[in-house]
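Quick note: numbers below take in every heavy atom, side chains included, and nothing from hydrogens, waters or symmetry partners. In this chain, residues are counted from 1 in sequence order.
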Amino acid sequence: MIGKMYLKENNFISRADTRLLKGVAIILMLVYHFFTFPEWYISGIGYSYSAILEKYLYGPTQWCVALFAFITGYTYYYNANKSLFYSILKIKNLLINYWILLLLLTSVALYFNKVELNVLWLKEILAFSNGQDTVMVFAWYIQFYIVVILFLPIYIKYISKSLLYDFCTGILFWYGLKHLIMGVEYTGFLRTICLWMPYVFGGGMVAKYNLYFKITDKFKLRNRSQAFYYTFTFLFFVSGLTRSHLAKYLLLPIFVLFLIYLLNNCNQIIKLVLNEFGKYSMEIWFLHCMFFNITKEIFQPVAFYPGNPVLVLIWVMLLCLGMAKCIDLTKSKILECICIKRS
């Protein structure tokens, strides 16, 4: 969900690493949405062991949004331009991409007589509407990203002071806003900010204080074996079973560090696959809405046609990546035409 940031040469996480991480995050998101919310299934879809899938996959695959938020904070710090104007430009680019995909999915819904162009749909233009009766059911991150990208210039200039101070700021957002704000119901967008903003701060904190370089040198991580990275990456992943956002906030930076080492030494085919999913992560995020929105009665049977969960995941990954590539090509042509007309 982040754009192309220009990272410094001495940055621990390269642009290639960033794309691999986004690839991991978007695949985790597909697992998260397709297998841990049985209440989203239409009649006839589901497994006798859906409760087991939900129990053991919900927490660990919830790392997906945390990873995207962490990457946003990390890459923003290394961006040379931290002005408000830059933030507005990022928002504009994101909204243009969102609107193109919204119009596409709306056209599909209109074809099947599943949507009306009413006030509810108009709210979706600004990503102010979420829920199963909308087109973009996962558009909540648009609102969150807008707040993040507008707040980060203020945070870096006026709030971020020291490692301890920044760490406590993350805790304050998670715990303070959640429990100490009186008279405000802890639901909706306030809950979104409280849950996910600390991960953005965590990413920025790791970048600003060069924590990965320090940890790597301190514990000589470059000399560890592959088994070491597999073991600890797995342990951090399954730690998500706690479903605790505070635990995730504390563990995510280390999880990302081990994941980077693992990805840099994995099979080239795996790297290629993750790179492709990372490249089209934004398109896949929006496109897979069609399997859970107002058109889910039509498209869920297609997604779950293979039956077996593993085969369903592979099939859904192929579907989403294929559609994303086609949409990206079409989107590029549309944006190219707009630019030509303006010139």
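Using modelled atom types, no side-chain atom of Thr36 and backbone atom of His33 make a donor-acceptor pair closer than 3.5 Å. In this structure, the side chain of Trp196 does not engage the main chain of Tyr141 through any donor-acceptor pair within 3.5 Å. For the pair Trp99 (side chain) and Ile125 (backbone), a donor-acceptor distance under 3.5 Å is present. Side chain of Asn79 to backbone of Tyr76: no donor-acceptor contact under 3.5 angstrom is found. Between the side chain of Ser87 and the main chain of Ile149, a donor-acceptor pair closer than 3.5 Å is present. Judged by distance alone, with hydrogens and angles left aside, the side-chain atoms of Lys114 form no donor-acceptor pair with the main-chain N or O of Tyr111 at under 3.5 Å. Tyr305 places no side-chain N or O within donor-acceptor distance of the main-chain N or O of Trp315, the cut-off being under 3.5 Å. In this structure, the side chain of Ser14 engages the main chain of Asp17 through a donor-acceptor pair within 3.5 Å. A donor-acceptor pair under 3.5 Å is absent between the side-chain atoms of Ser50 and the main chain of Gly46, judged by distance alone. Although no hydrogens or angles enter the test, the distance criterion places a donor-acceptor pair under 3.5 Å between the side chain of Asn264 and the main chain of Ile260.
A salt bridge (charged side-chain N to carboxylate O under 4.0 Å, His left out) check over residues 233-244, counting only residues at least two apart or in different chains, returns the pairs Glu54-Arg243. Applying the salt bridge (charged side-chain N to carboxylate O under 4.0 Å, His left out) test to residues at least two apart or on different chains, none of the pairs has a partner in residues 135-153.
Atoms CZ and CD1, from Phe151 and Ile146 in turn, are 16.0 Å apart once rounded to the nearest 0.5 Å. To the nearest 0.5 angstrom, Lys92 atom NZ is 10.5 Å from Leu95 atom CG. Rounding to the nearest 0.5 angstrom, the gap separating the CD1 atom in Ile27 from the CG atom in Leu313 is 7.5 Å. The CD1 atom of Ile71 lies 7.5 Å from the CD1 atom of Ile13; values are rounded to the nearest 0.5 Å. Of the inter-residue distances, the one linking Thr295 atom OG1 with Leu110 atom CG reads 11.0 Å to the nearest 0.5 angstrom. Atom-to-atom distance recorded for Thr75:OG1 and Asn11:CG is 9.0 Å, nearest 0.5 angstrom.
When hydrophobic clusters are built by joining Ile, Leu, Val, Met, Phe, Trp and Tyr residues whose side-chain heavy atoms come closer than 4.5 Å, directly or via intermediates, Leu311 is not grouped with Val316. A chain of hydrophobic side-chain contacts below 4.5 Å, direct or via other Ile, Leu, Val, Met, Phe, Trp or Tyr residues, connects Leu122 to Ile142. Linking Ile, Leu, Val, Met, Phe, Trp and Tyr residues whenever their side-chain heavy atoms come within less than 4.5 Å leaves Leu319 and Ile314 in two separate clusters. Note: the hydrophobic cluster containing Ile254 also contains Leu241 (ILVMFWY, side chain heavy atoms under 4.5 Å, direct or indirect links). Note on Ile294: it does not cluster hydrophobically with Phe128, by side-chain heavy-atom contacts below 4.5 Å among ILVMFWY residues.
Looking at Glu283 and Lys325, no side-chain N of the basic residue comes within less than 4.0 Å of a carboxylate O on the acidic one, giving no salt bridge.
Checked by atom type, the side-chain pair Thr106/Trp121 shows a donor-acceptor distance below 3.5 Å. Between the side chains of Thr169 and Asp166, no donor N or O sits under 3.5 Å from an acceptor N or O.
Residues Ser281 and Phe286 form no side-chain contact, since every pair of their non-hydrogen atoms from C-beta on lies 4.5 Å or further apart. Counting only heavy atoms from C-beta outward, the side chains of Trp63 and Leu251 approach each other to under 4.5 Å. Residues Tyr158 and Pro153 have side chains not in contact (no heavy-atom distance under 4.5 Å, counting atoms from C-beta outward). Looking at heavy atoms from C-beta onward, Thr233 lies out of side-chain contact with Phe237 at the 4.5 angstrom threshold. Looking at heavy atoms from C-beta onward, Phe144 lies out of side-chain contact with Leu195 at the 4.5 angstrom threshold. The shortest distance between side-chain heavy atoms of Phe255 and Lys248 does not fall below 4.5 Å. Within the 4.5 Å cutoff, the side chain of Val273 has no heavy atoms near those of the Leu321 side chain. Using a 4.5 Å heavy-atom threshold, the side chains of Met282 and Asn97 count as touching.
Val206 and Pro253 get closest at one heavy-atom pair: CG2-CB, 3.8 Å. Residues Tyr212 and Thr216 share a closest heavy-atom pair of O-OG1, 2.7 Å. Nearest heavy-atom pair across Ile42 and Gln300 is N-OE1, 3.1 Å. Across all non-hydrogen atoms, the minimal contact from Val256 to Phe70 is CG1-CE2, 3.8 Å. Closest of all the heavy-atom pairs between Ile193 and Pro198 is O-CD, 3.9 Å. The heavy-atom pair separating His288 from Cys320 by the smallest distance is CB-SG, 4.0 Å.
Within a 6.0 Å radius of OH in Tyr49, other residues, nucleotides and ligands contribute more than 12 heavy atoms. Within a 6.0 Å sphere centred on OH of Tyr56, other residues, nucleotides and ligands contribute 12 heavy atoms or fewer. Residue-environment remark: CD1 (Ile269) stays at or below the threshold of 12 foreign heavy atoms within 6.0 Å. For Glu116, the CD atom sits in a loose shell: 12 or fewer heavy atoms of surrounding residues, nucleotides or ligands are nearer than 6.0 Å.
The residue from Phe292, Phe291, Phe34 that alone fulfils the ring pair (Phe, Tyr, Trp, His ring centres under 6.0 Å) condition with Trp40 is Phe292. Each of Ile26, Leu274, Leu263 was evaluated against Leu21; a single residue qualifies, Leu263, per the side-chain contact (heavy atoms from CB on, under 4.5 Å) test.
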Let's go through Tyr74 and Met205 carefully: what are the C-alpha distance in whole Å and the side-chain angles of both, what is the deciding distance for side-chain contact (heavy atoms from CB on, under 4.5 Å) to 0.1 Å, and is it a yes or a no?
CA-CA 8 Å; Tyr74 189 97; Met205 203 164 41; over 6 Å; no
Trace of the side-chain contact (heavy atoms from CB on, under 4.5 Å) decision for Gln268 with Lys271:
CA-CA 5 Å; Gln268 289 300 316; Lys271 278 188 179 181; 3.9 Å; yes
Quick one, Ile327 with Leu287, criterion side-chain contact (heavy atoms from CB on, under 4.5 Å). Give me CA distance, side-chain angles, the key distance, then yes/no.
CA-CA 9 Å; Ile327 296 304; Leu287 281 170; 4.1 Å; yes
side-chain contact (heavy atoms from CB on, under 4.5 Å) between Cys289 and Leu105, worked out
CA-CA 9 Å; Cys289 288; Leu105 294 188; 4.2 Å; yes
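Relative ring orientation between Tyr199 and His245 is described as tilted, the plane-to-plane angle lying within the 30° to 60° band. Ring pair Phe167/Tyr249 is parallel by interplanar angle, where below 30° counts as parallel and above 60° as perpendicular. In this pair, Tyr41 and Phe304 present their aromatic rings perpendicular. The plane angle is above 60°, beyond the 30 to 60° band. In this structure, Trp285 and Phe68 have tilted ring planes: the angle between them lies in the 30° to 60° band. Ring-plane geometry between Phe37 and Tyr32 is classed as perpendicular, the angle between the planes exceeding 60 degrees on a 0 to 90 degree scale with a lower cut at 30. Ring geometry for Phe213 versus Phe12: interplanar angle over 60°, hence perpendicular rather than tilted (30 to 60°).
Tyr77 carries Lys82 over the face of its six-membered ring, with the cationic atom under 6.0 Å from the centre and within 45° of the normal.
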